[in-house]
Amino acid sequence: MSKIEAEQDNLKDSAKEIWGRISSQLKEELPQINYNMWIKPISPISINRNVLSLSVKSPFALKMLNERMSSIITRVSYETNHKGLEISFVVGSSPKKTPVISNLKNNDMYSFDSFVVGPSNELAFAASKQMANFSTPEYNPLYIYSNVGLGKTHLLQAIWSSLVSQKQRAKYVTSEKFTNDYIRAIKENKTDAFRKEYRSCDALLVDDIQFLSGKTQTQEGFFHTFNELFLSNKKIIIAGDDPNKLLEIESRLTSRFQSGLVVDIQPPDYETKIAIIQNKSEKLGISLLPEIADYVASVCNVNIRQIESIVNRLKAMIQLKGGEMTLETAKTMIIGFDEIKLKKRPEPENVITAIADYFNVSEEEIKSSSRSSQIIRARRISSYILRKDLHLTASASGYIIGNKNHATVLNAVKFIENKLISDKNLRYNIQQIRNSLNIT
Ligand code: ADP
Ligand code: MG
């Protein structure tokens with residue numbers, strides 16, 4: 001073998017090694033189906049200076065890796081000690097390069113900038129920014145909770161990249177990864193290394209904490225890790241389910257989770273959904289007619305992942321068909337997405353019935369001019385839902401709640417909006433009412 005060939009072989013080897021470390025970490029973190037589909041088929045070609053060239057099978061795979069995976073690949077390559085590594089994907093094994101991941105700064109998929117802020121998530125956003133910006137945050141730990149697909153992981157990753165770009169040692173793990181690391185450390189007698197890794201960071205971010213459920217031994221390990229970091233004033237950021245509803249997690253842990261700041265993320269309101277739809281479609285380089293955006297916002301009531309999936313498909317459709325998409329075509333195809341549970345907007349009268357039922361008052365009372373506090377509350381929430389979820393005008397809403405004028409409706413909506421910021425109970429009530437109306 002010539003010297004050059006030997007060198008090339010060396011290069012090949014180290015590309016293989018580097019990719020080996022990165023991909024085995026990805027294997028642990030990604031759902032198996034995603035790993036098998038997108039990561040497993042990748043093969044390393046070469047490493048040249050700091051550019052790792054990887055070969056992918058098709059332009060479609062390239063596109064998916066670009067759009068969906070670049071953030072996690074960047075983070076993992078960073079965490080496996082390949083700082084500053086540039087990854088360039090190549091379709092087939094031709095040397096023509098298409099760089100996709102240059103460095104952390106260019107990777108804004110999960111950044112604060114790409115996070116659309118609205119009333120449903122502004123508290124969680126502000127608290128996350130605080131964690132990212134201040135060396136000693138006012139509250140520690142920060143616990144973020146919500147239903148799935150509402151932005152917890154996005155915020156954690158945004159905090160993580162921001163800290164890392166400020167040269168802080170931040171470690172992001174899912175609680176599953178923590179569990180695996182912990183168990184492996186014990187099995188292989190490497191608890192010292194484990195401690196060093198987890199307790200020497202400036203910030204620890206743990207995602208999906210609910211998966212510690214029932215794992216008593218790991219909880220013990222997490223308890224000590226938590227305490228040590230906490231006592232040395234390191235930042236701790238946790239995301240997961242409602243901390244009051246964590247089953248089979250020791251109370252000494254759940255009480256610690258709640259000892260700093262606990263913030264929730266609610267499903268986005270209509271305006272925020274529209275902003276997210278615009279933001280996502282701009283990123284994909286398409287522009288949707290306002291009535292299509294309105295339609296998407298009205299049928300997507302579950303979470304933001306669902307919005308993304310619809311916008312992605314609309315883009316695919318626009319590319320296939322060409323030209324501008326009409327509301328009718330958009331509707332027909334969106335209705336065809338059977339894996340997406342789409343819900344129709346309820347009729348205004350059903351809203352009044354549901355709210356009357358919920359508060360145990362009569363519909364007539366809501367429509368009357370009674371000033372009893374119970375009825376005023378039901379009437380205000382009716383205004384709020386008619387405006388926010390059904391998007392009726394203030395005058396139309398006023399008509400439904402018994403011929404009230406539009407100013408009464410606007411005041412009621414404002415009142416509820418203000419109260420929602422601090423009143424957990426009210427948030428719960430509204431959530432329950434929305435559930436009963438199939439709105440969220
Ligand atoms: P969770 O961790 O709460 O299940 P994710 O953070 O994974 O949710 O969010 C699901 C998807 O929705 C992600 O692609 C994320 O980028 C996007 N997303 C969530 N909230 C927002 C937001 N406020 N603005 C823009 N994108 C968002
Ligand atoms: Mg998540």
Side-chain angles (χ1 to χ4, degrees), residues 26 28-31 33-34 38 63-76 107-129 131-132 142-162 172-179 205-213 237-243 245-246 262-284 288 293 296-297 300-315 340 431 440:
L26 286 167
E28 280 189 26
E29 293 199 16
L30 287 169
I33 182 163
N34 290 358
W38 307 115
K63 186 167 163 317
M64 283 304 292
L65 286 159
N66 255 319
E67 285 175 7
R68 300 242 141 232
M69 302 274 159
S70 65
S71 160
I72 186 168
I73 297 177
T74 309
R75 175 170 59 72
V76 166
N107 171 23
D108 71 344
M109 184 168 150
Y110 280 147
S111 66
F112 286 122
D113 286 343
S114 65
F115 193 81
V116 177
V117 185
S120 58
N121 59 28
E122 62 191 350
L123 225 57
F125 180 79
S128 303
K129 277 277 221 194
M131 274 293 180
L142 169 64
Y143 190 104
I144 306 175
Y145 74 94
S146 75
N147 288 342
V148 295
L150 294 176
K152 298 183 295 298
T153 298
H154 188 133
L155 285 176
L156 254 56
Q157 299 267 0
I159 300 173
W160 180 86
S161 349
S162 169
Y172 168 98
V173 284
T174 61
S175 70
E176 275 174 319
K177 164 111 170 57
F178 182 89
T179 305
L205 301 98
V206 185
D207 206 349
D208 290 325
I209 195 80
Q210 66 276 9
F211 294 124
L212 282 189
S213 271
I237 301 116
I238 299 172
D241 289 351
D242 184 340
K245 295 185 185 141
L246 291 174
V262 179
V263 291
D264 68 339
I265 306 179
Q266 289 293 320
D269 62 11
Y270 177 77
E271 287 77 12
T272 312
K273 282 194 273 186
I274 293 284
I276 290 171
I277 293 163
Q278 276 162 355
N279 175 296
K280 303 281 172 200
S281 40
E282 252 167 49
K283 282 225 172 84
L284 292 176
L288 296 175
V296 174
C300 285
N301 286 315
V302 180
N303 63 41
I304 295 172
R305 205 167 280 138
Q306 184 193 34
I307 295 182
E308 287 182 337
S309 132
I310 292 197
V311 175
N312 276 329
R313 286 160 186 242
L314 289 175
K315 179 193 174 178
I340 295 171
Q431 193 56 51
T440 304

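Only heavy atoms go into these numbers, but all of them, side chains included; no hydrogens, no water, no symmetry mates. Fair warning: this is a prediction, and the values are worked out from it, not measured in the lab. Note that ligands are numbered from 1 as they come in the structure, with each ligand's atoms numbered from 1 the same way.
- In this structure, atom 7 (O) of ligand 1 lies nearest to the protein heavy atom Arg305 NH2, 2.7 Å.
- Using a 30° and 60° split on the angle between ring planes, Phe115 and His154 fall in the perpendicular class, above 60°.
- The closest non-hydrogen atom to atom 3 (O) of ligand 1, taken over Lys273, Lys283, Gln306, Lys152, comes from Lys152.
- The shortest distance between side-chain heavy atoms of Ser175 and Val206 falls below 4.5 Å.
- Summarising the geometry, atom CG belonging to Asp208 is positioned 12.0 Å from atom CD1 belonging to Ile238; distances are rounded to the nearest 0.5 Å.
- Looking only at protein heavy atoms, the nearest one to atom 23 (N) of ligand 1 is Val116 O, 2.8 Å.
- Nearest protein heavy-atom contact of atom 11 (C) of ligand 1 is Glu308 OE1, 3.5 Å.
- Counting atoms of ligand 1 from 1 in the listed order, those under 4.0 Å from a heavy atom of Val148 are 4 (O).
- The protein heavy-atom contact nearest to atom 6 (O) of ligand 1 is His154 N, 2.8 Å.
- Judged purely by atom type and a 3.5 angstrom limit, Lys152 uses its side chain to pair as donor or acceptor with the backbone of Asn147.
- Between the side chain of Gln157 and the backbone N or O of Tyr110 there is no donor-acceptor pair closer than 3.5 Å.
- For ligand 1, the atoms sitting less than 4.0 Å from at least one non-hydrogen atom of Asn121 are 23 (N), numbered in the order shown with element in parentheses.
- Side-chain atoms of Lys273 come within 3.5 Å of backbone N or O of Cys300 as a donor-acceptor pair.
- Those atoms of ligand 1 with a heavy atom of Phe115 less than 4.0 angstrom away are 20 (N), 21 (C), 22 (C), 23 (N), 24 (N).
- Only backbone heavy atoms of Ser114 (N, CA, C or O) come within less than 4.0 Å of ligand 1; its side chain stays farther off.
- The nearest heavy-atom contact from the protein to atom 4 (O) of ligand 1 is Gly149 N, 2.6 Å.
- For Lys280, the heavy-atom gap to ligand 1 drops under 4.0 angstrom.
- Here the side chain of Ser309 pairs no donor or acceptor atom with the backbone of Arg305 at under 3.5 angstrom.
- Counted by atom type alone, Asp269 and Thr272 present one or more donor-acceptor pairs between their side chains at under 3.5 Å.
- The shortest N or O to N or O distance between Gly151 and ligand 1 is below 3.5 Å.
- Protein heavy atom nearest atom 27 (C) of ligand 1, with residue, atom name and distance: Ile304 CG2, 3.6 Å.
- With 3.5 Å as the limit, one finds a donor-acceptor pair spanning the side chains of Thr153 and Asp207.
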